[in-house]
Amino acid sequence: MEQFIKYIDSELPPQKNNELLYKFKRHVLEEMNSRYSEVMKRGITNTKVITDLVISEYPNLEADFKKFKVEQTAHDRTKRRLILNFAGSIIYILCLLIAFLGISFLTQKWSETWLIVVDGILLWVIYLFHIAIRKILTLKKIFHIFARMFLAGGIMVLSVAIFLVVRILLDNPLGWLILIAGVASMFIGDAVFAVATKRKLAIINVLVYIPVVTIMLYIILSAGAIIAWNTGWLLIIFSLILDFVIILAALYNNNKHKMEVIDTWKES
């Protein structure tokens with residue numbers, strides 16, 4: 001309606017080459033016309049009353065435009081990132097294939113050059129996990145469990161990529177220890193994530209993971225001949241003692257906090 005256009009222009013003066021402002025005006029006008037039709041269907045026939053009622057629902061278009069501008073800018077930024085990631089992924093995979101074929105034909109080491117594609121794809125998957133984690137962390141905490149899953153998956157994928165290089169290219173028979181280290185790193189990463197994001201009962205994760213990681217450390221160090229198998233098991237005992245110390249420290253801090261609250265309450 002013409003009254004709505006006049007009101008919008010009076011609140012938001014025209015600006016040359018400002019497509020975002022024009023888009024917002026069109027958006028508001030469509031909402032006003034839709035609202036006008038909705039009110040009219042309720043039996044109100046006085047057009048002036050309906051017009052004034054609809055206009056009253058938009059008392060501060062300038063503030064609404066600022067909010068719209070922020071949301072639209074964020075939306076456009078997300079859209080650009082999506083396009084860039086999609087295009088970049090295609091270019092990246094094409095480069096992997098070109099490098100694989102080029103190096104393979106030059107060296108004729110097809111039994112090794114396949115790692116270019118496989119490890120390249122694994123690194124790309126890790127990058128996708130990274131994007132997913134960043135997106136999930138902007139959501140409510142109830143969805144953070146998926147971020148932890150992607151984090152664990154990314155660590156394991158990285159360990160597999162490193163394992164393939166060590167086993168295939170370097171022909172190291174102890175390469176399998178990298179997978180064990182990957183599992184240990186997965187638990188460490190999840191514990192750090194739980195503490196950093198202040199998850200409830202994060203201390204339980206820490207207490208459970210310490211012995212598990214220590215067992216894997218025992219396997220890695222013993223298989224690598226860094227410590228003896230018949231003495232390395234003491235690391236597990238040490239991990240249990242460390243758990244006990246952490247529990248005592250947590251109980252002490254909890255009691256200390258309670259006493260401070262009680263003292264504050266008494267003083268007031």
Side-chain angles (χ1 to χ4, degrees), residues 85 88-89 92-93 95-97 99-100 103 109 111-137 143-199 201-243 246:
N85 282 320
S89 295
Y92 174 73
I93 293 174
C95 288
L96 286 178
L97 293 175
F100 162 65
I103 296 174
K109 294 184 178 180
S111 62
E112 298 178 356
T113 53
W114 59 269
L115 281 173
I116 296 174
V117 175
V118 174
D119 269 18
I121 294 296
L122 291 178
L123 293 177
W124 175 63
V125 170
I126 293 171
Y127 174 71
L128 295 181
F129 282 168
H130 170 70
I131 294 176
I133 291 171
R134 289 183 59 184
K135 179 61 179 178
I136 292 172
L137 289 179
F143 298 104
H144 285 191
I145 182 63
F146 297 106
R148 296 172 70 174
M149 292 170 61
F150 282 127
L151 177 61
I155 292 173
M156 285 308 303
V157 170
L158 179 61
S159 66
V160 170
I162 297 173
F163 163 74
L164 291 175
V165 172
V166 173
R167 190 68 187 87
I168 303 300
L169 291 184
L170 304 180
D171 195 26
N172 191 322
L174 293 177
W176 61 275
L177 291 176
I178 294 175
L179 298 178
I180 302 296
V183 177
S185 299
M186 180 182 68
F187 286 117
I188 293 173
D190 187 63
V192 171
F193 182 93
V195 173
T197 56
K198 299 179 180 179
R199 299 294 300 174
L201 305 178
I203 189 173
I204 294 180
N205 293 103
V206 174
L207 294 174
V208 172
Y209 293 162
I210 286 177
V212 175
V213 171
T214 304
I215 292 173
M216 295 178 186
L217 181 63
Y218 165 53
I219 296 173
I220 294 170
L221 295 178
S222 298
I226 298 175
I227 62 175
W229 285 99
N230 60 349
T231 57
W233 60 270
L234 292 173
L235 288 172
I236 302 173
I237 302 299
F238 174 77
S239 69
L240 297 176
I241 295 174
L242 182 59
D243 267 2
I246 293 174

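Since we're looking at a predicted model, the values are computed, not measured. Below, each value reflects all heavy atoms present in this structure, side chains not excepted, and no hydrogens, waters or symmetry copies.
- Atom CG of Leu217 is separated from atom CZ of Phe238 by 11.0 Å, given to the nearest 0.5 angstrom.
- In this structure, CD1 in Ile136 is found 8.5 Å from NE2 in His144, a value given to the nearest 0.5 Å.
- Residues Phe100 and Leu115 have side chains not in contact (no heavy-atom distance under 4.5 Å, counting atoms from C-beta outward).
- With contacts defined as side-chain heavy-atom distances shorter than 4.5 Å, the pair Pro211/Ile236 does not qualify.
- Atoms OG and CG, on Ser239 and Leu234 in that order, are 11.0 Å from each other to the nearest 0.5 Å.
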Side-chain atoms of residues 218-226: list all donor-acceptor pairs with protein atoms under 3.5 Å, sequence neighbours left out, distances to 0.1 Å.
from: Tyr218; atom 1: OH; to: Trp229; atom 2: O; distance (Å): 2.7
from: Ser222; atom 1: OG; to: Tyr218; atom 2: O; distance (Å): 2.8

Inset, instruction - Go through the steps to decide whether Leu174 and Leu177 satisfy the test side chain to side chain contact (heavy atoms under 4.5 Å, CB included), and finish with yes or no. - result: CA-CA 6 Å; Leu174 293 177; Leu177 291 176; 4.1 Å; yes

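- Every side chain to side chain contact (heavy atoms under 4.5 Å, CB included) that Ala161 has, sequence neighbours left out, goes to Asp119, Leu122.
- Residues Ile162 and Val165 form no side-chain contact, since every pair of their non-hydrogen atoms from C-beta on lies 4.5 Å or further apart.
- For residues 216-238, no residue pair satisfies the salt bridge (charged side-chain N to carboxylate O under 4.0 Å, His left out) rule, not counting sequence neighbours.
- For the atom pair Leu242 CG and Ile210 CD1, the distance stands at 4.5 Å (nearest 0.5 Å).
- Screening residues 126-137 for side-chain hydrogen bond (donor to acceptor under 3.5 Å, both in side chains), with sequence neighbours left out, gives Asn85-Tyr127.
- Not a single side chain to side chain donor-acceptor pair (under 3.5 Å) links Thr214 to another residue, sequence neighbours left out.
- Distance CG/Leu169 to CG/Leu164: 9.0 Å, rounded to 0.5 Å.
- Other residues, nucleotides and ligands contribute at most 12 non-hydrogen atoms within 6.0 Å of the CE atom of Met149.
- Across all their heavy atoms, Ala191 and Val206 have their closest contact at CB-CG2, 4.3 Å.
- Contacts of Val212 classified as side chain to side chain contact (heavy atoms under 4.5 Å, CB included), with partners at least two apart in sequence or in another chain: Phe187, Met216.
- Thr113 contributes atom OG1, which lies 7.5 Å from atom CD1 of Ile103 (distance to the nearest 0.5 angstrom).
- Under the side chain to side chain contact (heavy atoms under 4.5 Å, CB included) criterion, Asp190 pairs with Arg148, Asn205, Tyr209, sequence neighbours left out.
- Each side-chain hydrogen bond (donor to acceptor under 3.5 Å, both in side chains) pair with one or both residues in residues 171-182, not counting sequence neighbours, appears once here: Arg167-Asp171.
- The shortest distance between side-chain heavy atoms of Val160 and Ile178 does not fall below 4.5 Å.
- Considering only residues two or more places apart in sequence or on other chains, Leu151 meets the side chain to side chain contact (heavy atoms under 4.5 Å, CB included) condition with Ile133, Ile155, Phe193.
- For Gly182 against Ser159, the heavy-atom pair with the smallest separation is CA-CB, 3.6 Å.
- By the side chain to side chain donor-acceptor pair (under 3.5 Å) test, Trp233 pairs with no residue at all, sequence neighbours left out.
- Annotation: side chain to side chain donor-acceptor pair (under 3.5 Å) contacts of Ser89 (sequence neighbours excluded): Trp124.
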